[in-house]
Amino acid sequence: GAGVSQSPRYKVAKRGQDVALRCDPISGHVSLFWYQQALGQGPEFLTYFQNEAQLDKSGLPSDRFFAERPEGSVSTLKIQRTQQEDSAVYLCASSLRLNTEAFFGQGTRLTVV
Amino acid sequence: KQEVTQIPAALSVPEGENLVLNCSFTDSAIYNLQWFRQDPGKGLTSLLLIQSSQREQTSGRLNASLDKSSGRSTLYIAASQPGDSATYLCAPETGTASKLTFGTGTRLQVTL
């Protein structure tokens, strides 16, 4: 595709619900990243994939967060038993390979009520 | 752990002015540094990427410099326009996962 695409753009979840956020990276991009951006803050790293391999998940805040990229293209970030503190914008980025320019999607704004 | 500071936090200038945004980072072992802009409610748009071996990079009215050893980068915007109003974020890339570390950004407003 022309750019990184994320869906849904907005998600409202009741506390305790599970949510799944989707990221379609730029075609052919090997590297894929997820970031979390709280209101008024810069994005913070969550996890990194090289093709289908999750090489770094050190930024995931708890074991309720899980990410996958089974075929090395589309990625899904899943949050189980959502809490109010999970409310944030979740950004996906892709790059052709390591150490090259990163391109971000529009993000998914998650609100937990 | 990499930490990024951006000064000033907010800036308001009249149209036509040249301006400089500052970024400092604590870990100089970076692969590169990217500058982004973020419009309200939107994702990040990449502006410039400077490799660690480079001193500066230019794109149109934008010029970014990098002093890796002192942990500093600046973004120079020439002849500012109202359309430049946005939050500007710098992000050095470090570590085996090439993760980007962001500051809280500089919120720029260019007035008519």
Side-chain angles (χ1 to χ4, degrees), chain A residues 2-7 9-10 21 23-26 29-51 53-60 67 69 88-111, chain B residues 1-7 9-10 21 23-27 29-54 57 59 62 64 66 68 73 86-107:
Chain A
V4 179
S5 177
Q6 292 187 246
S7 60
R9 286 293 316 279
Y10 305 93
L21 312 180
C23 173
D24 274 278
I26 294 173
H29 278 198
V30 168
S31 299
L32 185 145
F33 305 83
W34 284 97
Y35 289 83
Q36 180 191 58
Q37 186 175 24
L39 194 63
Q41 302 297 313
E44 292 199 359
F45 172 82
L46 293 177
T47 188
Y48 162 65
F49 289 86
Q50 183 172 304
N51 294 310
Q54 188 175 22
L55 298 185
D56 189 332
K57 54 182 181 179
S58 62
L60 296 177
R69 193 187 185 197
V89 175
Y90 291 85
L91 295 164
C92 176
S94 72
S95 62
L96 187 59
R97 57 184 182 278
L98 274 183
N99 311 142
T100 60
E101 190 175 10
F103 296 90
F104 280 76
Q106 295 288 322
T108 294
R109 181 178 297 277
L110 173 65
T111 304
Chain B
K1 179 187 173 187
Q2 181 74 278
E3 293 183 2
V4 177
T5 303
Q6 290 189 245
I7 295 173
L21 308 181
C23 169
S24 61
F25 47 95
T26 55
D27 182 357
I30 66 172
Y31 296 111
N32 57 51
L33 184 143
Q34 271 189 265
W35 281 92
F36 297 88
R37 69 173 279 169
Q38 186 172 33
D39 294 281
K42 300 290 179 66
L44 278 64
T45 301
S46 179
L47 297 173
L48 288 163
L49 171 76
I50 314 178
Q51 298 290 350
S52 61
S53 58
Q54 294 178 308
Q57 190 71 256
S59 176
L62 306 179
L66 175 64
K68 183 182 161 184
S73 178
T87 296
Y88 289 79
L89 295 153
C90 75
E93 180 180 320
T94 51
T96 54
S98 292
K99 64 181 72 169
L100 297 173
T101 303
F102 291 86
T104 52
T106 294
R107 191 171 66 253

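For the numbers below, each heavy atom of this structure counts, side chains included, while hydrogens, waters and symmetry mates do not. Residue numbers begin at 1 in each chain, while the letters A, B, ... track the order of the sequences.
Contacts between A:L91 and chain B at a heavy-atom distance below 4.5 Å involve the side chain alone, from C-beta outward. Contact annotation for A:A102: both backbone and side-chain heavy atoms come within less than 4.5 Å of a heavy atom of chain B.
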What pairs of donor and acceptor atoms, side-chain ones from residues 36-43 of chain B against any protein atom, are under 3.5 angstrom apart with sequence neighbours left out?
residue : atom : partner : partner atom : Å
B:R37   : NE   : B:D39   : OD2          : 3.4
B:R37   : NH1  : B:G83   : O            : 3.1
B:R37   : NH2  : B:D39   : OD1          : 2.8
B:R37   : NH2  : B:G83   : O            : 3.1
B:R37   : NH2  : B:S85   : O            : 3.3
B:Q38   : OE1  : A:Q37   : NE2          : 3.0
B:Q38   : NE2  : A:Q37   : OE1          : 2.9
B:Q38   : NE2  : B:K42   : O            : 2.9

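Looking only at atom types and distance, the side chain of A:Q41 has no donor-acceptor partner in the side chain of A:E44 under 3.5 Å away. Donor-acceptor pairing under 3.5 Å is recorded for the side chains of B:S73 and B:W35.
Heavy-atom contacts from other residues, nucleotides or ligands closer than 6.0 Å to CZ of A:R9 number more than 12.
Among the candidates B:L44, B:V4, B:T104, B:L49, the residue making the largest number of heavy-atom pairs closer than 4.5 Å to chain A is B:L44. No other option in B:Q6, B:Q51, B:E93, B:Q34 has as many heavy-atom pairs under 4.5 Å with chain A as B:Q34. Chain A forms the most heavy-atom pairs under 4.5 Å with one residue out of B:N32, B:L100, B:L89, B:T101, and that residue is B:L100.
Tested against A:T47 for a side chain to side chain donor-acceptor pair (under 3.5 Å), the candidates A:Q54, A:R69, A:Q36, A:K57 yield a single pass: A:Q54.
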